[in-house]
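Single-structure report; data block below.
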Amino acid sequence: MNSDWVKHAINEINADYQRSADTHLIRLALPAFPGIRLYLKDESTHPTGSLKHRLARSLFLYGLCNGWIKEGTTIIEASSGSTAVSEAYFARLLGLPFIAVMPYCTAKRKVEQIEFYGGRCHFVESACEIYAASEMLARELNGHYMDQFTYAERATDWRGNNNIADSIFRQMKNEPHPVPDYIVMSAGTGGTSATIGRYIRCQGYNTELMVADPENSVFLDFWRTRESGLRSAVGSKIEGIGRPRVEPSFIPDVVDEMLRVPDAASVATAQWLETQLGRRVGASTGTNMWGALQLAARMRDEGRSGSIVTLLCDSGERYLDTYYNPQWVEANIGDVRPWREEINTLVK
Ligand SMILES: Cc1ncc(COP(=O)(O)O)c(C=O)c1O
């Protein structure tokens, strides 16, 4: 039986959910692709600014219902930042201490937001070190390591219950092509792609799931070879996506197609999206949109009409000193101009 505190905690999360609204599905007008509709599920409008708001809610409920989180439990998480921001929000809601373990290079804005919600940041040199450091802290503090990279895929109810896939298909209902030909997503934990892929199968839709993978990520090679021991010495430069090891939450069998996206193409596409939406998006949204544009071009070449949905994962305001700082981009990503020209040619 749940303790009174656990009952209260679950009630707090459910009440917070009841007070929340769903995120928008934005239609992007692209005259260069007649008969093809492109949509962005705008996850930046959650209270904590990213798609990770959904995951954090699910991980807290999962931990509470498993008996892992109790009154006073210190919550520890390995993160590239977005999940930690969202978990700090829920930890504060429940009055629990929270520590985020992140690489030094994590966007300053995310660090500020974690601290705003009363969380503490513990920095490590590289993305490869976040797992061991989190386990160690959890042992030392007798806390609970949430471990999104393991539990993201199972903490989310993929069958329905208003998950992100369910929401996308409901919002598409009155569109000319309500069942998307493709949904494009990138993978950090792989939890979102697992939820979408399973939901498509469970509901019997003919939608194909493409996962777009940045440089220095092992997901694409794992999807091709199924070698789970793959490692990358260098971390991904696209914050939130691309991992140096195969994460347990990435489910390759529900992915129909994968695409390698150069980092400069992701950044160029994110910057181009600002000209279409009138606001900035994060670089992982650029990766997603690059994949969606390639598919739109394929459909156009094949004379097909239909729809493509992808995700706007978070806002670019978090990355003003990186992806929206030309000096940083030149030093860390390289020349994005050829990719911008390629986009301009694609959408002409
Ligand atoms: C900005 C951003 N985009 C995309 C993702 C990938 O989502 P998932 O972990 O569900 O694969 C993340 C995950 O941290 C993220 O922070």
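Below, each value reflects all heavy atoms present in this structure, side chains not excepted, and no hydrogens, waters or symmetry copies. Just follow the structure's listing: the first ligand is 1, and inside any ligand the first atom is 1.
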Atom 16 (O) of ligand 1: closest protein heavy atom, distance to 0.1 Å, is Ser82 OG, 2.9 Å

So is Ala187 close enough to ligand 1, meaning a heavy atom under 4.0 angstrom away? yes

Could you give the distance from OG (Ser266) to CD (Glu239), rounded to the nearest 0.5 Å? 13.0 Å

Distance in Å, Gln203 CD paired with Phe169 CZ, rounded so as to fall on 0.5 Å steps: 8.0 Å

Taking N or O atoms only and a 3.5 Å limit, does Thr189 qualify as a polar contact for ligand 1? yes

For Asn288 and Ser186, test the side chains for any donor-to-acceptor distance below 3.5 angstrom and give the result as yes or no. yes

Return the closest protein heavy atom for atom 3 (N) of ligand 1 as residue, atom name and distance. Ser284 OG, 2.8 Å

Atom 4 (C) of ligand 1 has as its nearest protein heavy atom Ile241 CG2, 3.3 Å

May I ask you to establish whether Arg280 and Tyr324 are in a cation-pi arrangement, using a distance under 6.0 Å from NZ or CZ to the six-membered ring centre and at most 45° from the ring axis? yes

Any chance the rings of Phe250 and Trp223 have centres within less than 6.0 Å? no

Measuring from Lys52:NZ to Ser86:OG, what's the distance to the nearest 0.5 Å? 8.5 Å

Give me the nearest non-hydrogen protein atom to atom 15 (C) of ligand 1 as residue plus atom name, then the distance to 0.1 Å. Gly240 CA, 3.5 Å

Examine ligand 1 and decide if any of its atoms is less than 4.0 Å from a heavy atom belonging to Met185. yes

Give the residue, atom name and distance (to 0.1 Å) of the protein heavy atom nearest atom 9 (O) of ligand 1. Lys52 NZ, 2.4 Å

Who's the nearest protein heavy-atom neighbour of atom 11 (O) of ligand 1, and how far? Gly188 N, 2.7 Å

Going by the order shown, which atoms of ligand 1 are within less than 4.0 Å of some heavy atom of Thr192? 7 (O), 8 (P), 10 (O)

Between Trp339 and Trp272 (judged by ring centroids, cut-off 6.0 Å), do the two rings come close enough to count as a pair? no

May I ask you to decide whether Arg245 forms a salt bridge with Glu247, counting only side-chain N to carboxylate O separations under 4.0 Å? yes

Under 4.0 Å from any heavy atom of Asp314, which atoms of ligand 1 are there? 1 (C)

Near Gly190, which atoms of ligand 1 are under 4.0 Å from a heavy atom of that residue? 8 (P), 9 (O), 11 (O)

